[in-house]
Amino acid sequence: GENVEQHPSTLSVQEGDSAVIKCTYSDSASNYFPWYKQELGKRPQLIIDIRSNVGEKKDQRIAVTLNKTAKHFSLHITETQPEDSAVYFCAASRLYSGGGADGLTFGKGTHLIIQP
Amino acid sequence: EPEVTQTPSHQVTQMGQEVILRCVPISNHLYFYWYRQILGQKVEFLVSFYNNEISEKSEIFDDQFSVERPDGSNFTLKIRSTKLEDSAMYFCASSAPNTGELFFGEGSRLTVL
């Protein structure tokens, strides 16, 4: 089955600096890579996702890159703000053409701390 | 905006008791999922459900677990005889047609004493 590794487990950055979180996956059949933000006691919230047919996707201050050959993908947050403080999870799965998907395999999470 | 809803938000039960967690997925979604998250740990996939049957299940989803869609709206997770290690947050999710994007419910916190 799929195995997703995520690093670092904790990341502390100064407000306004950039943060990068990295994940690797093992199953070459995986083609869908979402990132979730989870605040304490809340549900995971999708912040960005990428499919294997593109190498990069950007949404305002958030970007994700994917290297299929190396089987790794990264989350980049620029101009970090205090409200970015949360736990971030990467995940991987296989999407099917009909809209279904294998269950997501999550990484262990990164606790992002934005220092004012 | 449509949401996945879950009940109860918190359930406390004694070890060995049966528990049913309920979910109402978003109405036009066809794929439904249960995930769990032990406190402080990652989210783990339990089971996926499509067309009234299980399409995939993880190693965690053993004979103590079952899922059902008893009517056109509800999707339930039953734990037959709860163990202490079943204490976790259980998230229901459904996925949008053709995109695969998962929408999570707010979760049901299960505490087994």
Side-chain angles (χ1 to χ4, degrees), chain A residues 1-10 21 23-25 27 29-54 57 59 64 86-111, chain B residues 1 3-6 9-10 23 25-26 28-61 65 67 77 88-109 111:
Chain A
E2 177 64 280
N3 182 48
V4 176
E5 299 286 340
Q6 183 173 348
H7 300 279
S9 55
T10 305
I21 302 170
C23 289
T24 60
Y25 62 99
D27 188 350
S30 291
N31 60 8
Y32 178 61
F33 307 94
W35 285 87
Y36 289 88
K37 177 183 180 182
Q38 189 177 34
E39 295 173 345
L40 193 61
K42 301 283 184 69
R43 69 184 117 185
Q45 295 271 20
L46 179 70
I47 56 170
I48 196 166
D49 58 14
I50 192 166
R51 287 149 214 269
S52 59
N53 57 346
V54 297
K57 184 176 177 181
D59 183 3
V64 57
V87 179
Y88 291 80
F89 291 96
C90 63
S93 80
R94 184 167 38 174
L95 281 185
Y96 297 97
S97 57
D102 287 346
L104 287 170
T105 301
F106 283 80
K108 289 187 177 180
T110 296
H111 187 192
Chain B
E1 186 176 332
E3 276 202 342
V4 175
T5 57
Q6 289 185 242
S9 56
H10 189 193
C23 169
I26 295 173
N28 66 330
H29 288 186
L30 303 176
Y31 294 85
F32 315 123
Y33 306 82
W34 283 101
Y35 288 82
R36 81 169 185 193
Q37 186 176 32
I38 295 170
L39 187 64
Q41 297 186 22
K42 66 178 178 179
V43 180
E44 298 174 292
F45 168 70
L46 292 178
V47 66
S48 59
F49 192 86
Y50 170 71
N51 201 24
N52 284 320
E53 61 183 26
I54 290 173
S55 51
E56 187 191 9
K57 59 183 180 179
S58 73
E59 292 172 354
I60 302 168
F61 194 87
F65 292 89
V67 289
L77 174 69
M89 182 73 93
Y90 288 81
F91 291 105
C92 175
S94 62
S95 63
N98 299 319
T99 69
E101 180 182 348
L102 272 191
F103 291 78
F104 282 91
E106 292 195 343
S108 293
R109 179 166 296 285
T111 302

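Letters A, B, ... are given to chains in the order of the sequence lines, protein chains preceding strands, and every chain is numbered from 1.
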Chemist: Quick check on B:L46 against chain A: is it the side chain, the backbone, both or neither that has a heavy atom closer than 4.5 Å?
Modeler: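 The answer is neither part of B:L46.
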Chemist: Tell me, for A:Q6 versus chain B, whether the close heavy atoms (under 4.5 Å) come from the side chain, the backbone, both or neither.
Modeler: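 Neither part; nothing is under 4.5 Å.
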Chemist: Between B:F91 and B:F104, how do the two ring planes meet: parallel, tilted or perpendicular, split at 30° and 60°?
Modeler: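 Perpendicular: the ring planes of B:F91 and B:F104 meet at over 60°.
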Chemist: What part of B:Q37 lies closer than 4.5 angstrom to a heavy atom of chain A: side chain, backbone, both or neither?
Modeler: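 The answer is the side chain of B:Q37.
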Chemist: Can you confirm if the aromatic rings of B:F45 and B:F61 lie within a centre distance of less than 6.0 Å?
Modeler: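 Not under 6.0 Å, so no.
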Chemist: Against chain B, label A:L104 side chain, backbone, both or neither, depending on which of its atoms sit under 4.5 Å from a heavy atom there.
Modeler: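 It is both, since atoms from each part get that close.
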Chemist: Given heavy-atom pairs under 4.5 angstrom as the criterion, report whether the side chain, backbone, both or neither of B:E56 touches chain A.
Modeler: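 Just the side chain, heavy atoms under 4.5 Å.
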Chemist: Just say parallel, tilted or perpendicular for the rings of B:Y90 and B:F65, cut-offs at 30° and 60°.
Modeler: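 B:Y90 and B:F65: tilted rings.
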Chemist: Which bit of A:P44 is near chain B, if near means a heavy-atom gap under 4.5 Å: side chain, backbone, both or neither?
Modeler: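 Looking at A:P44, backbone and side chain both touch chain B.
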Chemist: Could A:K57 and A:D49 be called an ion pair, given the rule that one side-chain N must be under 4.0 Å from one carboxylate O?
Modeler: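 Salt bridge flag = yes for A:D49 with A:K57.
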Chemist: Heavy-atom pairs under 4.5 Å with chain A are the metric here; pick the option from B:E44, B:K57, B:E3 that has the most.
Modeler: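 Top count of heavy-atom pairs under 4.5 Å with chain A: B:E3.
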Chemist: Give, for atom CH2 of A:W35 and atom CD1 of A:I50, the distance between the pair rounded to the nearest 0.5 Å.
Modeler: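 Output value for this atom pair is 11.0 Å.
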Chemist: Do B:Y31 and B:Y50 have their ring centres less than 6.0 Å from each other?
Modeler: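 B:Y31 vs B:Y50: aromatic centres under 6.0 Å.
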Chemist: With a 4.5 angstrom heavy-atom cut-off, could you sort out which part of B:F103 is near chain A: side chain, backbone, both or neither?
Modeler: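 It is neither, since no heavy atom gets under 4.5 Å.
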Chemist: How are the rings of A:F106 and B:Y35 set relative to one another: parallel (under 30°), tilted (30 to 60°) or perpendicular (over 60°)?
Modeler: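 A:F106 and B:Y35: perpendicular rings.
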Chemist: Could you tell me which portion of A:K108 (side chain, backbone, both or neither) has an atom closer than 4.5 angstrom to a non-hydrogen atom of chain B?
Modeler: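 Both backbone and side chain of A:K108 come within 4.5 Å of chain B.
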